[in-house]
Amino acid sequence: MSDLDGLVALVTGGASGIGLAAALALTDRGARVAVLDVVVDGLPDTLVGFRADVTDRASVVAAVDAAADRLGGLDILVNNAGIGAVGTVEENDDEQWARVLDVNVVGMARVTAAALPHLRRSSAASVINLCSVAALNGLPQRALYASSKGAVLSLTYAMATDHVREGIRVNAVSPGTVSTQWVDRMVANFPDPVAERAALDARQATGRMVTPEEVAGAICYLASPTSGSTTGTALVVDGGITHLRVRPL
Ligand code: NAI
């Protein structure tokens, strides 16, 4: 027996990076897993894809209901879909601010609202929101992105409070920089992508970026019924960037 046997999970943004690693790890631990993403072609056979955009409420409600119908309910929601932004407050325009907050913050509220009627029927309901160390650390050129993740942290505490008496746990995972396609796209925009990647590795106390599988392990921990007393927390998986001050090599 695995701890997630018999449970159903839905992972937003599960077609790539951290979301895909989480979907596969949840499957390995026994869950049946649906992926909600704007692109669901080419998913591994063990995952069931539902196309939806987290900025479109109608498509979110349709996908969440279809996933619960197909897999027989919903116990675990991983709110992972998100987009990045680089820049100071002078460098992101109003359209970028609206877009990033719509995907990263309002998207989580939309998906969770659609999932709640299903989660209320579960005896092991757990919601995990993808936050970031950017929520609590001043990182350069992340004004918009950090604001969105600060909002995710506040949203996590508020949702955890609203739904604790319904037996629904809500937690966040706050990764440091994770080596995914997201980082590949970001460093490609710098004049020297190799140097930028090396700087991101060096910024971690461990000297390397976090892996998607390491974040997936934290998500599985929070998803598990064995973590039944853990709610309203943010589990940091950051290679030491938040609290450790090591000497430069
Ligand atoms: P990624 O870019 O590899 O994957 C993001 C997934 O979300 C993609 O499959 C994409 O299609 C999907 N997505 C984007 N917009 C969507 C929308 N409107 N509707 C539905 N799906 C949408 O990104 P990665 O690195 O795996 O990041 C996942 C989450 O982890 C994000 O919330 C991000 O903020 C967070 N995170 C990432 C870190 C990193 O360094 N990569 C660090 C800390 C947090």
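As the structure lists them, so they are numbered: ligands from 1, and atoms in each ligand from 1. If you're wondering where the values come from, they're calculated on a predicted model, not measured in any experiment.
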From the list L10, L7, L4, side chain to side chain contact (heavy atoms under 4.5 Å, CB included) partner of D75 resolves to L7

Inspect the surroundings of CZ in R208 and state if more than 12 heavy atoms from other residues, nucleotides or ligands are less than 6.0 Å away. yes

So, S224 and D3: side-chain donor and acceptor under 3.5 Å apart, yes or no? yes

Under 3.5 Å, N or O to N or O, is V178 touching ligand 1 that way? yes

What's the shortest distance from atom 19 (N) of ligand 1 to any protein heavy atom, and which residue and atom give it? V54 N, 3.0 Å

Counting non-hydrogen protein atoms only, what is the nearest one to atom 5 (C) of ligand 1? Give residue, atom name and distance. G82 O, 4.1 Å

At under 4.0 Å between heavy atoms, which part of N80 makes contact with ligand 1: side chain, backbone, both or neither? both

D238 side-chain N/O to T242 backbone N/O, donor-acceptor pair under 3.5 Å: yes

Mark up the atoms of ligand 1 that fall under 4.0 Å of a heavy atom belonging to S132, in ascending order. 43 (C), 44 (C)

Going by the 4.0 angstrom heavy-atom rule, the piece of A52 near ligand 1 is backbone

Has N129 got a side-chain atom pairing as donor or acceptor with C131's backbone, closer than 3.5 angstrom? no

Does G176 come within less than 4.0 Å of ligand 1, judged by its heavy atoms? yes

Can you pull out the closest protein heavy atom to atom 22 (C) of ligand 1? Residue, atom name and distance to 0.1 Å, please. A81 CB, 3.8 Å

Taking atom types as modelled and ignoring hydrogens, do the side chains of N79 and T112 form a donor-acceptor contact shorter than 3.5 angstrom? yes

Check R197 with D184, please: is the shortest side-chain N to carboxylate O separation under 4.0 Å? yes

Answer yes or no: does an N/O atom from Q181 fall short of 3.5 Å to an N/O atom of ligand 1? no

Minimum heavy-atom distance between A109 and L155, given as atom pair plus value: N-CD2, 4.5 Å

Could you tell me whether ligand 1 has any atom less than 4.0 Å away from a heavy atom of S174? no

Ion pair present between R99 and D94, side-chain N to carboxylate O less than 4.0 angstrom? no

Exactly one of L36, I18, L26 should register a side chain to side chain contact (heavy atoms under 4.5 Å, CB included) with V11. Which one does? L26

Out of all atoms in ligand 1, which are within 4.0 Å of some heavy atom of V38? Include the element for each. 11 (O), 17 (C), 19 (N), 20 (C), 21 (N)

Would K149 count as a contact of ligand 1 if the rule is a heavy atom under 4.0 Å away? yes

Just to confirm my output: which protein heavy-atom neighbour is closest to atom 37 (C) of ligand 1, and how far is it? I18 CD1, 3.7 Å

For residues Q96 and E91, is any side-chain donor paired with an opposing acceptor at under 3.5 Å? no

Residue, atom and distance of the protein heavy atom nearest atom 25 (O) of ligand 1 read T180 OG1, 2.6 Å

protein heavy-atom neighbour closest to atom 2 (O) of ligand 1 works out as R185 NH2, 2.7 Å

Does ligand 1 come near enough to G14 that some N or O of the ligand is less than 3.5 Å from an N or O of the residue? no

Test your reading of the structure: does Y145 have an N or O sitting under 3.5 Å from an N or O of ligand 1? yes

Residue and atom name of the nearest protein heavy atom (relative to atom 3 (O) of ligand 1), distance in Å to one decimal: S16 OG, 2.7 Å

Cut-off 3.5 Å, side chains only: do T12 and N80 have a donor facing an acceptor? no

Residues clustering with L136 (ILVMFWY side chains joined when closer than 4.5 Å, directly or via others): L153, Y157

Touching ligand 1 at all, D53? Heavy atoms, strictly under 4.0 Å? yes

Would Y145 and W182 count as a close aromatic pair, with their ring centres under 6.0 Å? yes

Quick one: does ligand 1 sit under 4.0 Å from the side chain of C131, the backbone, both or neither, non-hydrogen atoms only? backbone

Enumerate the atoms of ligand 1 whose separation from the nearest heavy atom of P175 is less than 4.0 angstrom. 43 (C), 44 (C)

One finds that the ligand 1 atoms under 4.0 Å from a non-hydrogen atom of G17 are 3 (O), 26 (O)

Shortest protein contact, atom 23 (O) of ligand 1 (heavy atom only): W182 CE3, 3.2 Å

Counting heavy atoms only, which of V133, D37, V11 comes nearest to atom 21 (N) of ligand 1? D37

Taking distance alone, with N or O pairs closer than 3.5 Å, would you say T177 contacts ligand 1? no

Do side-chain atoms of S227 reach the backbone of T230 as a donor and acceptor pair under 3.5 angstrom? no

